[in-house]
There are 2 protein chains.
Amino acid sequence: MLWERAREPHAHRWSLPGGGLRVDEDVESSIRRQLAEKVDVRQLSHVEQLAVFSAPDRVPGPRVVATAFLGLVPSDVDPEVPADTSWHCVDKLPSMAFDHSSIVHRARHRLGSKLSYTNLGFALAPPEFTISLLRDHYSAALGYRVSATNLQRVLSRRLLLEPTGGTAPPGPSGGRPAALFRFSAKGIKVTDPFAVLRPPGSGRPAGGSGSP
Amino acid sequence: MLWERAREPHAHRWSLPGGGLRVDEDVESSIRRQLAEKVDVRQLSHVEQLAVFSAPDRVPGPRVVATAFLGLVPSDVDPEVPADTSWHCVDKLPSMAFDHSSIVHRARHRLGSKLSYTNLGFALAPPEFTISLLRDHYSAALGYRVSATNLQRVLSRRLLLEPTGGTAPPGPSGGRPAALFRFSAKGIKVTDPFAVLRPPGSGRPAGGSGSP
DNA sequence: CAGGTTTTCGCCTACTGGTCGAAAACGTGG
DNA sequence: CCACGTTTTCGACCAGTAGGCGAAAACCTG
């Protein structure tokens with residue numbers, strides 16, 4: 001989501017929403033406040049620090065140190081934005097002000113990476129979703145097609161998918177109605193990475209009961 | 001590596017090395033300069049931004065925004081440090097100044113997580129190392145025993161271990177001399193995460209050449 | 001009700017990680 | 001100098017995991 005600058009420098013170019021840090025707030029409170037004030041985006045499903053951008057010449061004039069954030073909004077919410085603000089596809093970005101273009105690319109890379117070793121993908125979807133919708137979000141964020149079959153099995157084995165019992169109506173061209181799921185967070189967060197080298201003794205959840 | 005504060009506030013308590021940002025440097029240059037100036041630590045095998053700590057009351061007086069870094073030094077280098085500086089085990093930390101204790105815990109958690117989905121473990125070892133040494137580093141950082149057999153096979157299958165041909169002399173109690181390896185970086189960095197949900201068609205690295 | 005569409009499920013295969021035990025290579029003590 | 005303990009290395013086995021079909025289910029349109 002970008003905001004078209006009205007004033008110099010870089011007037012009429014697109015920039016990321018943000019602003020100065022007040023003395024009585026930390027950086028996360030600040031970005032949440034600014035999003036709420038300026039563009040009315042409050043329903044963030046995930047917010048994390050991306051990186052500090054601090055090159056001395058990143059903006060004209062005195063140096064400005066910026067803490068960039070990665071924020072995700074579920075795909076079903078479409079917040080009202082002011083006239084000078086609009087959503088852009090990360091594959092077709094306009095010319096951007098300052099170093100904001102590199103910030104966006106860094107965020108895109110972070111999201112793609114985290115999809116592989118965390119469950120952050122659920123933050124992209126509404127509270128109830130179909131596997132196809134989740135697959136589309138994964139595909140868009142990763143940049144390649146992922147199989148719905150495989151995605152469902154992988155997430156199911158991790159006990160992350162909980163069927164709601166309901167179904168979503170099929171599209172205009174028909175098709176079997178898709179089952180609805182919700183994220184089954186059994187004490188875990190979407191940001192928790194799953195280990196690859198595990199502690200010993202955690203390989204076999206349940207041995208064959210009794211004697212073979 | 002901690003530094004004992006001489007002045008108030010928090011005099012005589014331990015704190016992380018660091019200092020103010022100059023106008024002509026970015027934050028990474030700054031922390032590298034300060035480490036080089038104050039404690040003569042130059043041989044960092046890995047440096048990454050950890051997080052921004054910006055709570056308004058994190059230090060007495062005017063608010064100070066700090067960009068914390070995670071820096072790794074290979075286990076074979078032992079840089080000379082001034083009298084007021086010394087290394088501490090993260091399991092036995094002294095009382096620390098400001099919010100530096102939470103910064104260290106955050107760094108520890110980050111390192112443990114990244115060992116699971118990147119090859120950052122190689123940054124802990126010297127350029128040439130034995131599997132046992134690498135296992136000890138993994139065990140220390142993760143907090144549980146990892147098997148040398150498994151570690152070697154996992155890393156070998158990822159084509160990350162390149163034997164140097166040399167061997168390390170056995171310890172005082174004998175034992176077979178251990179083979180030496182180096183990190184085989186074929187165009188990859190230790191920070192690159194390995195994907196879990198892979199792009200299609202990448203399952204089989206090398207098909208059987210010809211007809212078996 | 002026939003045909004097209006989308007989702008879901010089961011099966012098969014390949015790969016990956018955990019565990020175990022044997023063998024190799026070394027030092028030490030009798 | 002040879003038996004013994006120690007440490008590393010390697011192979012084998014097993015279970016769990018992911019990718020790739022293809023069939024079946026469930027829906028819409030004409």
Side-chain angles (χ1 to χ4, degrees), chain A residues 115-117 121 128-136 138-139 142 144-161 163-181 194-209 212, chain B residues 115-117 119 121 128-136 138-139 142 144-161 163-181 194-208 212:
Chain A
L115 285 182
S116 295
Y117 58 84
E128 298 197 357
F129 51 86
T130 67
I131 299 295
S132 299
L133 179 72
L134 202 60
R135 178 202 50 187
D136 292 342
Y138 270 88
S139 300
L142 289 173
Y144 53 79
R145 286 270 146 210
V146 305
S147 135
T149 298
N150 205 20
L151 185 63
Q152 168 157 23
R153 196 195 18 220
V154 167
L155 296 178
S156 294
R157 253 203 300 246
R158 290 180 197 152
L159 300 176
L160 297 174
L161 287 180
T164 69
T167 58
S173 62
R176 173 172 174 170
L180 286 172
F181 295 87
F194 28 86
V196 174
L197 280 169
R198 281 168 224 173
S202 62
R204 221 180 10 185
S209 61
Chain B
L115 286 182
S116 295
Y117 59 84
N119 301 307
E128 299 197 356
F129 52 85
T130 65
I131 299 295
S132 299
L133 179 71
L134 202 60
R135 177 201 52 187
D136 292 343
Y138 270 89
S139 300
L142 290 173
Y144 53 79
R145 286 270 146 210
V146 303
S147 137
T149 297
N150 206 18
L151 185 63
Q152 169 156 25
R153 191 173 22 147
V154 168
L155 296 178
S156 294
R157 262 206 290 243
R158 290 181 197 151
L159 301 176
L160 297 174
L161 287 179
T164 69
T167 58
S173 62
R176 174 171 173 170
L180 286 172
F181 294 88
F194 28 86
V196 174
L197 280 170
R198 281 168 225 173
S202 64
R204 229 180 5 187

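Residue numbering restarts at 1 for every chain, and letters A, B, ... go by the order of the sequence lines.
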For the side chain of P170(B), starting at C-beta, report the closest nucleotide among dC28(D), dC26(C), dG18(C).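 Per side-chain heavy atoms of P170(B), the pick is dC26(C).
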
Given atom CZ of R157(A) and atom P of dG16(D), what is their separation to the nearest angstrom?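 Spelled out: CZ on R157(A) to P on dG16(D) is 10 Å.
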
Just how far, in rounded Å, is C1' of dC15(C) from CG of N150(B)?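 Answer to the nearest Å: 14 Å.
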
Quick one: side chains of residues 163-176 of chain B, donor-acceptor pairs under 3.5 Å with protein atoms, not counting sequence neighbours, listed by atom name and distance.
from	atom 1	to	atom 2	distance (Å)
T164(B)	OG1	G166(B)	N	3.2
T164(B)	OG1	L180(B)	O	3.4

Test side chain to side chain donor-acceptor pair (under 3.5 Å) applied to R153(A) - qualifying residues, sequence neighbours left out: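 For R153(A) the side chain to side chain donor-acceptor pair (under 3.5 Å) partners, ignoring immediate neighbours, are N150(A).
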
Partners passing ring pair (Phe, Tyr, Trp, His ring centres under 6.0 Å) against F181(A) (at least two apart in sequence or in another chain):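 For F181(A), no residue satisfies ring pair (Phe, Tyr, Trp, His ring centres under 6.0 Å) once neighbours in sequence are set aside.
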
Applying side-chain contact (heavy atoms from CB on, under 4.5 Å), can you list everything that pairs with A148(A), at least two apart in sequence or on another chain?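 Applying side-chain contact (heavy atoms from CB on, under 4.5 Å) to A148(A) gives I131(A), R135(A).
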
Looking at every non-hydrogen atom in both residues, tell me the closest pair between L151(B) and L134(B) and how far apart they are.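 In this case the closest contact between L151(B) and L134(B) is CD2-C, 4.0 Å.
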
Return a single string for nucleotides 2-12 of chain C, one symbol per nucleotide in 5' to 3' order, where B is base contact, S is sugar-phosphate-only contact and - is none, cutoff 4.0 angstrom on heavy atoms. --BBBBSBBB-

